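FYI, the numbering just counts along the sequence from 1. Computed from a predicted model, the values in this text were never measured in an experiment.
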Amino acid sequence: MSPPPGFPYAVAVETARPLSMPSLSATRPAMPAPAAEWATRERHAYLAWTAASVAAITVVRLLWLAVQSADLYPDEAQYWFWAQHPALGYYSKPPLVAWIIALTTALFGNSEFAIRLSAPLLHAAAALFVYGTAARLYDRRTGFWSAVAYASLPGVSLSAFIISTDAVLLPCWAAALYAFVRAREAGGQRWWLAVGIAAGLGLLAKYAMMYWLLSAFGYVLLVRDERRHFRPLLAASALALLIYLPNLWWNWSNGFVSYLHVRDNAELSGPLLHPIALFEFFGSQFGVFGPLFFAGLLAILARRRTFAEPRIRLLAVFALPTLVMMLGVSLLSRAQPNWAAPAYVSAVVLVVAWLLHGGWHRMLRFAIAVNLAAAVALFGAADALAAVGVSVPAKYDPLHRLRGWRELGARVGAALAANPGLTLLADDRELVAALIYYVRPHPFGAVEWSVIPGITDHWRLVNNIDRHRGEDFLAVTQHGLVPEMRAEFAELTRLQTITTRTGPGGGRSYVLYIARDYHGRLKP
């Protein structure tokens, strides 16, 4: 894919401009009419090609969502359950992902496609904001390639396939960064309002948006020439907190369970250092950002004069602290590969600009091609081979964890129908979520049993089993804690075993019981 030809004057000017120069918008003098006309045509052409390229990738993703065979991941099913019960907050996440799912399912029904519909659209919006940021800081050619590069990142391809809080966070992060760049320009005061709105929505999407605010304050406080922006940034942050206030109130009303969950999720109370986990997380970033892009980012950060150039410094400030923070968390405890994903919104602009202005155009295109090929292999290989009669063993299928839930739901639903009057119970948070979605009719009153005391997830917060004393259940178990469960019921009768297939050589087994007269733990 190449940008439009036919712009020799504008492209030559922008290509020749060294990296150390400030942005064109701040330095371009008044142009004669022919040059101004060329510039206008060039701006419209690059924007059109960017929109067309992002739209093409997004349409392919939407088509794939419509035809693929993967079931909902349990977290997706949980977000869908939240969407059926709109609230200002939920146990583990802010509410924006549930609100968006509520919108898409209200319009298109409760299919897997409708639940996931917003994910590729949100990443398309993020890519356009990435274009805007790169175009303001460098040039429109860099904006075009940055948007295409972002849309092709392996982590984005995965996030565009599965609805998650990352899919909602990243466009907010990208929008806030673009507005921040605009607000710092001459006459850009009104953009501080956009900074506050984007940051506030980001906080409603995922608490990691706080990293963006910390990076912004660090930048305006540590860079002398940027300190004049401290007060407007403070006002924008106040607006962001005002938008976020409903979730803060919800947490206050529920014992701040979301914040406690974030603390517990980091698991900082265990052994002090985990060097293997650090190396695993570091290695995973080659997969999230793409192997060549991540290698390029490391090369940029290793240069002695990297932070001397203002634009590089700005982009690095919105990437490096988040990445370093997650590396630290992985060393002290553990960190999931996607936890550093927001860092790559600005990092992709940084790497693309470095490659373009370094003359490595072919390397940039090759890196994008590698990322797109990885996405096709990840999401399309198993189903494509199955279409021609070739079955991929489960252990080689990247999506094997998304298979088998529909089958399980149908069989558990049949067991419930054969034993009327029982409430559905499961011994795992993810299992509860998947069963509520895939059992028909949806058993919204399902409860979770766990041997671990306390409120540890959303099910135990809103529908705790202790509210169901004396009731009878159809218990679906996968952890084999039958002796512990037997102590909390008057009677536990084995019903059947269900084994689901996730592919050749793969599957999961569940044992069903009729559990009568729940009385809870007996106090010693």
Going through the checks in order, is the side-chain hydrogen bond (donor to acceptor under 3.5 Å, both in side chains) test met by H261 and D457? CA-CA 8 Å; H261 169 74; D457 55 49; over 6 Å; no
Please walk me through it: do S258 and N251 pass side-chain hydrogen bond (donor to acceptor under 3.5 Å, both in side chains)? CA-CA 7 Å; S258 297; N251 268 284; 3.2 Å; yes
Determine yes or no for a side-chain-to-main-chain donor-acceptor pair under 3.5 angstrom, with R516 supplying the side chain and A490 the backbone. no
Spacing of CH2 belonging to W173 relative to NZ belonging to K206, to within rounding of 0.5 Å: 10.5 Å
Testing the 3.5 Å rule here: is there a donor-acceptor pair between the side chains of [X] and [Y]?
| X | Y | value |
| --- | --- | --- |
| N110 | H442 | no |
| T499 | S509 | yes |
| H123 | S159 | yes |
| E491 | T493 | yes |
| Y510 | D428 | no |

Can you give each donor-acceptor pair under 3.5 Å made by side-chain atoms of residues 83-90, sequence neighbours left out, with the distance rounded to 0.1 Å?
from	atom 1	to	atom 2	distance (Å)
Q84	NE2	W80	O	3.0
H85	ND1	F81	O	2.9
Y90	OH	W82	O	3.1
Y90	OH	H85	O	3.0
Y90	OH	A87	N	3.0

Parallel, tilted or perpendicular: ring planes of F289 versus Y344, cut at 30 and 60 degrees: parallel
For R411, enumerate each residue passing the side chain to side chain donor-acceptor pair (under 3.5 Å) test, keeping only those at least two apart in sequence or located in another chain. none
Sorted by chain and number, sequence neighbours left out, side-chain contact (heavy atoms from CB on, under 4.5 Å) with V482 holds for R486, L492, Y513
Provide the closest heavy-atom pair for A160 versus A119 in the form atom of the first, atom of the second, distance. O-CB, 3.7 Å
Please identify each residue that fulfils ring pair (Phe, Tyr, Trp, His ring centres under 6.0 Å) with F286, with sequence neighbours left out. F282, F294
Contacts of R362 that satisfy salt bridge (charged side-chain N to carboxylate O under 4.0 Å, His left out) - sequence neighbours left out: none
I'd like to check the salt bridge (charged side-chain N to carboxylate O under 4.0 Å, His left out) partners of R429; sequence neighbours left out, ordered by chain and number. D75
